[in-house]
Amino acid sequence: MAAICPNCHLPEMIAYVINDTGVHPFPCLECSAGPFRSTPHGQLTGATACATDGCQGSVRDEYQYDAKGRLSKLTRIKCQFCGTDKTGVINAGSTPERVMPDPRLPGFEGRRVRHG
Ligand SMILES: [Zn+2]
Ligand SMILES: [Zn+2]
């Protein structure tokens, strides 16, 4: 299980486990932010673009902290437009077109084998 980072807002960067004692997140794989503690009764939100093609909505993860500032609840908020809870993996500066890989990969061009 993984959640959206409340610091850099990249999706699925905060791995976490849930057990009897609560929610235990690991530091963000991208920015190393650790959302395991905050101010008492604090709340953090990670938001990222919805994964649905053409949808302008967003998917969010809300981190809620208890009286001791420990993460007590992690809630995935679905896209308000299409209802998905899937996150689109976005990188700064990338465009949606880059989701489809170009079949003409460099390296195949110009590699012509001549016989004889
Ligand atoms: Zn991060
Ligand atoms: Zn959506």
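Numbering of ligands and ligand atoms starts at 1, following listing order. The figures here come from the full heavy-atom set of this structure, side chains too, leaving out hydrogens, waters and symmetry mates. Note that the numbering runs from 1 along the sequence shown for the chain.
Distance CG/L71 to CD/Q43: 11.0 Å, rounded to 0.5 Å.
Counting only distance, with no hydrogens or angles, the side chain of R76 and the backbone of E62 share no donor-acceptor pair below 3.5 Å. For the pair T48 (side chain) and T87 (backbone), a donor-acceptor distance under 3.5 Å is absent.
Remark: R70 pairs with D66 by the salt bridge (charged side-chain N to carboxylate O under 4.0 Å, His left out) rule, at least two apart or across chains.
Nearest heavy-atom pair across P11 and I4 is CA-CG1, 4.0 Å.
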(request) Evaluate side chain to side chain contact (heavy atoms under 4.5 Å, CB included) for F81 paired with T52, printing each intermediate quantity in order. (result) CA-CA 10 Å; F81 294 114; T52 303; over 6 Å; no
(request) Would you please test S58 and C79 for side chain to side chain contact (heavy atoms under 4.5 Å, CB included) and show each step? (result) CA-CA 5 Å; S58 63; C79 173; over 6 Å; no
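Distances shorter than 2.8 Å separate the Zn ion (ligand 1) from the protein N/O/S atoms C5 SG, C8 SG, C28 SG, C31 SG.
I77 and V59 sit in two unconnected hydrophobic clusters of ILVMFWY residues. Membership requires side-chain heavy atoms under 4.5 Å apart, directly or through other members.
If you count the protein N, O or S atoms nearer to the Zn ion (ligand 2) than 2.8 Å, you get 4.
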Let me have the donor-acceptor pairs involving side chains of residues 13-29, under 3.5 Å, with sequence neighbours excluded, atom names and distances please.
{"residue": "N19", "atom": "OD1", "partner": "T21", "partner atom": "N", "Å": "2.9"}
{"residue": "N19", "atom": "OD1", "partner": "T21", "partner atom": "OG1", "Å": "2.8"}
{"residue": "N19", "atom": "OD1", "partner": "G22", "partner atom": "N", "Å": "3.4"}
{"residue": "N19", "atom": "OD1", "partner": "H24", "partner atom": "NE2", "Å": "3.1"}
{"residue": "T21", "atom": "OG1", "partner": "H24", "partner atom": "NE2", "Å": "2.9"}

